[in-house]
Amino acid sequence: MYSKKVIERFENPKFVGEIKNPDAVGEVGNMKCGDVMKIYLKIEKGKIKNIKFKTYGCIAAISASDAMCELAKGKTLKQAEKITHEEIIEKMGGDVPQIKIHCSVLGTRALRKTIENYKNEKNK
Ligand code: FES
């Protein structure tokens, strides 16, 4: 079902874990499958200096989390907000089963939610 690239990323994710004293944390879940994605951000001068994830979910969700983090690292918050699930799929090797597309969408939702939390916290 999964391509070699998706499996490789699932087995060796580079961005899995937590960040101590993060600047922002965000969590989203998918009601249908029950998967949950949590993102930690370290932000410096408006850019994502570091990003980590903890995902309780399927192979595609974990692979998508890692691909999303790779895309987001080094980007400004504005650029990161614009990352699409199509870009995440491309980063995963471009070959994700149709029924697993929502796992990549969870990645964009998690990132946007974390950035939103950061902005809300800053504007308090
Ligand atoms: Fe729902 Fe993967 S099956 S995120």
Side-chain angles (χ1 to χ4, degrees):
M1 179 182 186
Y2 290 113
S3 70
K4 216 175 135 199
K5 278 199 168 178
V6 170
I7 301 282
E8 266 171 25
R9 207 179 260 284
F10 164 72
E11 286 179 338
N12 301 295
K14 289 184 232 145
F15 295 91
V16 72
E18 277 180 40
I19 294 177
K20 274 193 186 154
N21 305 316
D23 293 313
V25 179
E27 188 177 299
V28 293
N30 183 307
M31 298 283 269
K32 278 190 191 155
C33 63
D35 290 358
V36 177
M37 210 177 265
K38 190 167 183 178
I39 306 298
Y40 300 81
L41 289 182
K42 202 80 194 163
I43 297 161
E44 220 175 80
K45 293 179 187 159
K47 281 190 178 174
I48 296 176
K49 184 144 190 283
N50 200 7
I51 178 166
K52 295 272 182 192
F53 75 90
K54 271 194 168 174
T55 296
Y56 302 93
C58 69
I59 290 174
I62 289 162
S63 186
S65 306
D66 198 59
M68 179 276 286
C69 290
E70 197 174 322
L71 282 167
K73 193 170 179 181
K75 284 200 168 52
T76 64
L77 296 181
K78 228 179 190 169
Q79 290 168 334
E81 278 171 333
K82 287 185 192 145
I83 292 171
T84 63
H85 76 274
E86 286 92 351
E87 287 174 278
I88 292 175
I89 288 171
E90 193 60 43
K91 201 77 180 159
M92 291 163 80
D95 184 16
V96 173
Q98 195 61 33
I99 56 158
K100 292 290 175 179
I101 300 291
H102 76 271
C103 314
S104 64
V105 175
L106 198 60
T108 57
R109 281 183 48 222
L111 181 59
R112 285 172 196 165
K113 174 79 184 158
T114 311
I115 294 173
E116 189 189 311
N117 289 350
Y118 175 72
K119 287 179 178 171
N120 289 342
E121 197 59 41
K122 257 188 107 182
N123 292 332
K124 260 187 190 169

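Just so you know, ligand 1 is whichever comes first in the structure, and atom 1 is the first atom listed for that ligand.
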> Considering only the protein, which heavy-atom contact is closest to atom 1 (Fe) of ligand 1, and what is its distance?
C33 SG, 2.2 Å

> Can you tell me if H102 has an N, O or S atom under 2.8 Å away from atom 2 (Fe) of ligand 1?
no

> Heavy-atom contacts with K100 under 4.0 Å: which atoms of ligand 1 show up? List them by number with element.
3 (S)

> In Å, rounded to the nearest 0.5 Å, how long is the span from CE of M1 to CD1 of I7?
10.0 Å

> Quick check on E90: does its CD atom have over 12 non-hydrogen neighbours (other residues, nucleotides or ligands) under 6.0 Å away?
no

> May I ask you to decide whether K124 forms a salt bridge with E121, counting only side-chain N to carboxylate O separations under 4.0 Å?
yes

> Does K100 NZ have over 12 foreign heavy atoms under 6.0 Å away?
yes

> Only heavy atoms of A61, strictly under 4.0 Å: list the atoms of ligand 1 that pass.
2 (Fe), 4 (S)

> Provide, to 0.1 Å, the distance between atom 2 (Fe) of ligand 1 and the closest protein heavy atom, together with that atom's residue and name.
C58 SG, 2.3 Å

> Can you tell me the protein heavy atom closest to atom 4 (S) of ligand 1 and the distance?
D35 OD2, 2.8 Å

> I want to check something: taking the side chain as every heavy atom from C-beta on, are K91 and R9 in contact at a cut-off of under 4.5 Å?
yes

